[in-house]
Structures are given as C-alpha cells and as structure tokens.
Amino acid sequence: MPEGHKVHRISRAFAADFVGKKIAARSPQGRFAAGAAVLDGRKMTDSRAVGKQMFLGFTGGHWLRVHLGIYGMWDFAGRIREQVEVDPRAGTRTLRTVHPEAARAGSGTFPPEPVGQVRLRLATAVAVADLRGPNTCELLTADEMDAVIHKLGPDPLSPLGSPEEAEQEFVRRVRGRNVAIGQLLMDQGVVSGIGNIYRAEMLFRAGLEPHLPGRSLSAETAAALWRDWVGLLQVGVDTGLMLTMDGLGPEESALALASRADRHWVYGRAGLPCRVCGTEIALETMAGRKLYWCPSCQR
DNA sequence: CGGTCATGCGGAG
DNA sequence: TCCGCCTGACCGG
C-alpha cells in the first residue's frame, strides 16, 4: 500500500477528473451498497489527502473517507488526466495516463467490467475509479471528518496552519515523548504519511539511532527530520516513486529503480553491507513492523 | 503455480 | 496479540 505520497497523487487524480462532476456510485462487491446509494447521483465537491487518508466531498455534506491499508488500491480507467511517472528502465520522467491500458484504441467497452472485489465504483460519464481491498471506506459528516483530521499529526502538503507552524508542531510532538524516534515516525498522530520504508530511510539519512527517545533529540535535529520529510514527500508526489537516495545520476537511478532491494539505503537490506560503511544492516521489529538500520552509521 | 510477505490499521479478545 | 482486509510482488520448485 502507498505511503503518503501515493495518497496525494490519488487525491489529485480525483481533483482533476471527478471533482465538479456528477458521480454514479455503486458497490459491485456489495459491502458498501448502502454508502454507495447515498453518494449515487451527487456531485463530487472536493478531494483532500491528509497523510494516508483521503476524503472525497459530495453535495449534501457527505464525506467519503478511504484508507487503503496495506493492500487496498484505486484503479482508474477511461478519460483520466496525465500524471508524471518515472520509467524504471529508462530512468526518465514522462507524462502518462493514470491507467494507460484505458487509452488503447479499441481496448474494450466503457465502462470496463469490475475486476476482483470492487468495494466501490465511482464514475463520471467518461472516467471510472474502482476501490478494492481498503482498510476503511465509510461516510462521514464534515464534523466527523474534522475530528479525524485533528487527531493526525501534520502533513506538509495539507498543513492546518502555516508551513512553519507544521514544522513546530512536529518538533513539539517528537520532543514531548519518551518514545523511540523509530516509533514516533510511524505514529500518524505525530506526523502524517510516513510508513515503514520512509521511516527506515529517514532515520538512516539523519544518522539517527532508531531507539533514541523523541525527547532526547535537539530541536534542530527534529526540525531537520521534518524538512527531510517535506522534501521526500514532494519528490514522491512528483515522481510517484519513493526516491530516498540522493545524488544518483540517470544511469545509477535506472539501476537503483530496477529492483526494490537496490532502491534504498537500508530498507529491505537486512544482512547486506551498508552502502556507506559496509556494516551489516540490522533488522528488528519496532512498532510492529520490520525496522532496518545501520548500527554504525546510526548512533 | 502455490506459499509467503507487505508501502497499515482498527477492532476483538 | 491476533485477525480481517482479500491484492500484488516475489520466490522456489
């Protein structure tokens, strides 16, 4: 499942091709039939992403909250605006449709038959979005949505206040806790959108020992973590990929992108030599997820 | 082609 | 702490 960058991209896809349009809603799988009936025929009025959560607004004050969990997904088909995509083999950035297959001439009828367990299908006259395997798919009032959002830590791309206030909020939430920084980065109440890959990579990039309590970090160290997240998230939204290794040329990038194991500093590299110092990358469970880190570079 | 794991997280127990 | 979600990537045979 996507970390925060992907959710922002999905939200943008809805903003581009669904917001402002009358929406046909149904639940082919049946598990969201009641909710789909409420939304059916309404106009989509807004699309927001906060961390890993997305909120779609509809006339009448209805908000659809979707959290994809570990393997949920949205599939788009039909006339969908292009987004930047990175070609792993060529190492190039190009514009592509969200769903290239749909652009093929004569590639079947529109709308396409649902594939798999489609919890919810949202459709305009020319575009379709299918939701499969979500962790959460529910209708909320505006007040209920606000309550959800206010429980979340800051998201650089949907700050409740100024960017400076978002940074200060992150610093405050980290330094106020006697909990390992490796746990705090995964806590969506501390900062929104960071998942297991970004956690491991950010800690390595900062040279931070994952077990350090949040309150042991200096304000500057915590602020630097935030600024790194701001940059990583922006790159992720721009490219659609989690590019966590800086300073690679086109050829190196192409190689790095070719396989996930070669794409990151430490994530997924347990037992392999650290790219910087050669020390064996360590693996342990933290916050219920696998944490990869270099015992030499991170202390 | 079958088994395992995972870019989460909420709820049951 | 375990389960549901019920997909897709990856790996060994």
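All values derive from a computational prediction rather than experimental measurement. Each chain gets a letter, A, B and so on, in the order its sequence line appears, and its residues count up from 1.
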When you check the phosphate oxygens OP1 and OP2 of [N], does a side-chain N or O of [X] lie under 4.0 Å from one of them?
X: A:K290; N: B:dA6; result: yes
X: A:K52; N: B:dC9; result: yes
X: A:Y267; N: B:dT7; result: yes
X: A:R132; N: C:dG8; result: yes

Can you tell me how far [atom2] of [N] sits from [atom1] of [X], to the nearest Å?
X: A:R289; N: B:dA6; atom1: CZ; atom2: P; result: 8 Å
X: A:Q117; N: C:dG8; atom1: CD; atom2: C1'; result: 15 Å
X: A:R119; N: C:dT7; atom1: CZ; atom2: C1'; result: 12 Å
X: A:K6; N: B:dG8; atom1: NZ; atom2: C1'; result: 16 Å
X: A:I70; N: B:dG8; atom1: CD1; atom2: C1'; result: 6 Å

A:N196 side chain: which of B:dA6, C:dG8, B:dT7 is closest?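 Of the candidates, B:dT7 comes closest.
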As a test of reading the structure: which of B:dT7, C:dG8, B:dA6 is closest to the side chain of A:M73, going by heavy atoms?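 When the side chain of A:M73 is considered, C:dG8 is the closest of B:dT7, C:dG8, B:dA6.
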Drop me the distance from A:E280's CD to A:C294's SG, to the nearest 0.5 angstrom.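 Taking CD in A:E280 and SG in A:C294, the distance rounds to 10.5 Å.
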pair A:M54-A:R48: side-chain heavy atoms closer than 4.5 Å: no
A:F204 ring center within less than 6.0 Å of A:H264 ring center: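 Between A:F204 and A:H264, which both carry aromatic rings, the centre distance is not below 6.0 Å.
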N/O contacts under 3.5 Å, protein versus nucleotides 10-12 of chain B?
none

Using heavy atoms and a sub-4.0 Å distance, could you list which residues of residues 28-35 of chain A are near DNA chain C? By number, please. A:Q29, A:R31
Considering only the P atoms, how many Å lie between B:dC1 and C:dC6, rounded to the nearest integer? 24 Å
Where along residues 138-151 of chain A does a heavy atom come under 4.0 Å from DNA chain B, residue by residue in number order? none
